[in-house]
Amino acid sequence: MPFYETQNIQIYNTLSGKKEVFKPIEPGYVGMYVCGPTVYSNVHLGNVRTFMSFDMVFRYLKHLGYKVRYVRNITDAGHLENDADVGEDKITKKARLEQIEPMEVVQRYTVDFHNILNTFNFLPPSIEPTATGHIIEQIELIKSIIDNGYAYVVNGSVYFDVHKFNESYEYGILSKRKLEELIHNTRALDGQSDKKNPQDFALWKRAEPQHIMRWPSPWSDGFPGWHLECTAMSTKYLGDNFDIHGGGMDLKFPHHECEIAQSQASKNQSPVNYWMHANMLHLNGQRMSKSTGNTVNPAELLSGNNSFFSKAYAPSVIRFFNAQSSYRSVLDLTDDGLLASEKGFHRLMDAIHLLDELEAGDTSTFDVQKWRQLCYDAMNDDFNSPILIAHLFEASKQINQVKTGTATLTKTDIALLKTTMHDFTFDVLGLEDQVSSDSGTDKLSGAVELLIKLRQEARANKDFALSDKIRDELAAKGIQLKDGKDGTTFSVN
RNA sequence: GACAAGGUGGCUGAAUGGUUAAGGCUACGGAUUGCAAAUCCGUCAUUUAUGAGUUCGAAUCUCAUCCUUGUCUCCA
């Protein structure tokens, strides 16, 4: 029996508003799509949080033995700035301001995006398609929507007819809005829109003469609408009906709502079985916003080069901080919170290091098998990583107790504990052991061991001035000495 | 304004009807130590924004009030 069949996953489905038992369409296989970044500027930290949460989902499903095809797109065209203006695409606008080629902007920020994600130890998705690479698929999709009568052509542009669609289907099913309310609440935009109704959205926009990014189509030289690419790419690689679609909460309406409508209008079926939405990231209690200046980007957070935080934080500390809250909760990024996470993270890592030094006993005072299943139960419950971490700390406590002699574990249990701790900490949560990954560690530890020996001699001679000097100056350089019953160890912070 | 999600200790953050409301950080007391740090043991929410209701029983369900956030127009 495959391992995943022994675990019963529940996923909170935004579409139903309930936790549901996860049952993939194809046993053993999972198709997952997550809306990727628009590469017209450095990746937003909140966006990183979303991707981090789905990286954990991806990792856990893989850990359970599922074959997962994880598709995360790159939006490099077609993100409309405003339906009512001339239709200038965001990427083009930025490019003109900087006097460089659009694809140069795309290239630069795509590289930046990948660098940031690599730093945070993300697993690469199975497929990372670009919008510009799927223009033909998008044109085909528009044709089928027109053929089915749910879109109309005006002046070379194509619009989705939301009112017509709502006669046969239900527009607003995901965000729980009613079309009538939308009509009532839509403010009248200035200007001469080609749209029949303000709720309609663009599938294809005719390009103005100065618009650089453009492709030929049956309707005009132009570019695809923003919502279209995700439908085209997700269904191309995962099928017309697939398992999981994720993204940030802010994309629920209109983006994901439009994806559902596009799939129903072209293929007559709802595309996704489980909709998952990651909640927002705040900074010091308030939303991040470029206009108010309450924002920090990933590079600034990692380097410490910002006005919000007292120091630079390691990528794994930030990952750990994120995993300590549920992906469905708003997470508030603060210096105090990060400092607390940093301490907790080091505590967990220290316990994992201790696993190699434990001496086995004849009996176990801790039920490792039962504890292990509790870890799985936590993750099975809508990927509840905070509970998982609580269990990892319980194990840390047990490890420290075995070390100090107030608890015992058999050889078998130590091995199982070690495997499980490694599985969850490194494989599922994606944390990295900063010390061991640091090259030159062997030379460093050799030098520190020598200092520890000198300090022991000084202490034996009651030369505490010297022994404290060694200890304090090492501490000032970030190397902490730890005196235990069996001698002194150290850790690098 | 409409719709949606929330409001849990000094901070952070779990728990959706059932005995003493996880875990981390901080703080305090003890063990250990030459002194610290680390580690271990112990203590820290009669109470879940406020008020009312349903129930044998509510953080959890209902209603009202206050507040925060998201979406509705570019904003991750």
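Within every chain, numbering begins at 1; the chains are lettered A, B, ... in the order of the sequence lines, protein sequences first and strands thereafter.
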For [N], give the paired nucleotide (Watson-Crick: N1-N3 plus N6-O4 or O6-N4; G-U: N1-O2 and O6-N3; both under 3.5 Å), or none.
N      : answer
A52(B) : U62(B)
U47(B) : none
U73(B) : none
U33(B) : none

Using the salt bridge (charged side-chain N to carboxylate O under 4.0 Å, His left out) criterion, which residues pair with K397(A)? Sequence neighbours excluded. none
Expressed in whole Å, how much space separates the C1' atoms belonging to U8(B) and U47(B)? 9 Å
Phosphate contact (A2(B) OP1 or OP2) by R177(A) side-chain N/O below 4.0 Å: no
Any pair counted as side chain to side chain donor-acceptor pair (under 3.5 Å), so long as it reaches residues 244-253 of chain A, sequence neighbours left out: H245(A)-E259(A)
Expressed as a whole number of angstroms, how long is the span from [X]:[atom1] to [N]:[atom2]?
X       : N      : atom1 : atom2 : result
K403(A) : U39(B) : NZ    : C1'   : 11 Å
N73(A)  : A76(B) : CG    : C1'   : 13 Å
K482(A) : A37(B) : NZ    : C1'   : 9 Å

Can you pull the salt bridge (charged side-chain N to carboxylate O under 4.0 Å, His left out) pairs that have at least one residue in residues 304-318 of chain A, sequence neighbours excluded? K311(A)-E342(A)
Listed once per pair and sorted, the salt bridge (charged side-chain N to carboxylate O under 4.0 Å, His left out) pairs that draw on residues 379-389 of chain A, sequence neighbours left out: K19(A)-D381(A), R328(A)-D382(A)
Where along residues 304-311 of chain A does a heavy atom fall under 4.0 Å from RNA chain B? none
Within residues 466-474 of chain A, find the residues that approach RNA chain B with a heavy atom at under 4.0 Å, and present them sorted by residue number. S467(A), D468(A), R471(A)
Please list, chain by chain and in numerical order, all residues satisfying side-chain hydrogen bond (donor to acceptor under 3.5 Å, both in side chains) with [X], sequence neighbours excluded.
X       : value
Q7(A)   : Q373(A), N380(A)
S310(A) : D335(A)
T231(A) : Q262(A)
N297(A) : none

With a 4.0 Å cut-off on heavy atoms, is N400(A) in touch with a base, just the backbone sugar-phosphate, or nothing at all? sugar-phosphate
Indicate, with a heavy-atom threshold strictly under 4.0 Å, whether L481(A) touches base, sugar-phosphate, or nothing. base
For RNA chain B, whose closest nucleotide is more 5', that of L331(A) or that of M249(A)? L331(A)
Tell me which pairs pass ring pair (Phe, Tyr, Trp, His ring centres under 6.0 Å) where either residue lies in residues 372-400 of chain A, with sequence neighbours left out. F3(A)-Y376(A), H63(A)-Y376(A), Y376(A)-F424(A)
Which class fits the ring pair H227(A) and F201(A): parallel under 30°, tilted 30 to 60°, perpendicular over 60°? perpendicular
Just say parallel, tilted or perpendicular for the rings of F309(A) and Y313(A), cut-offs at 30° and 60°. perpendicular
How does each nucleotide of nucleotides 14-27 of chain B score, in 5' to 3' order, for protein heavy atoms under 4.0 Å: base (B), sugar-phosphate only (S), or none (-)? SS------BSSSS-
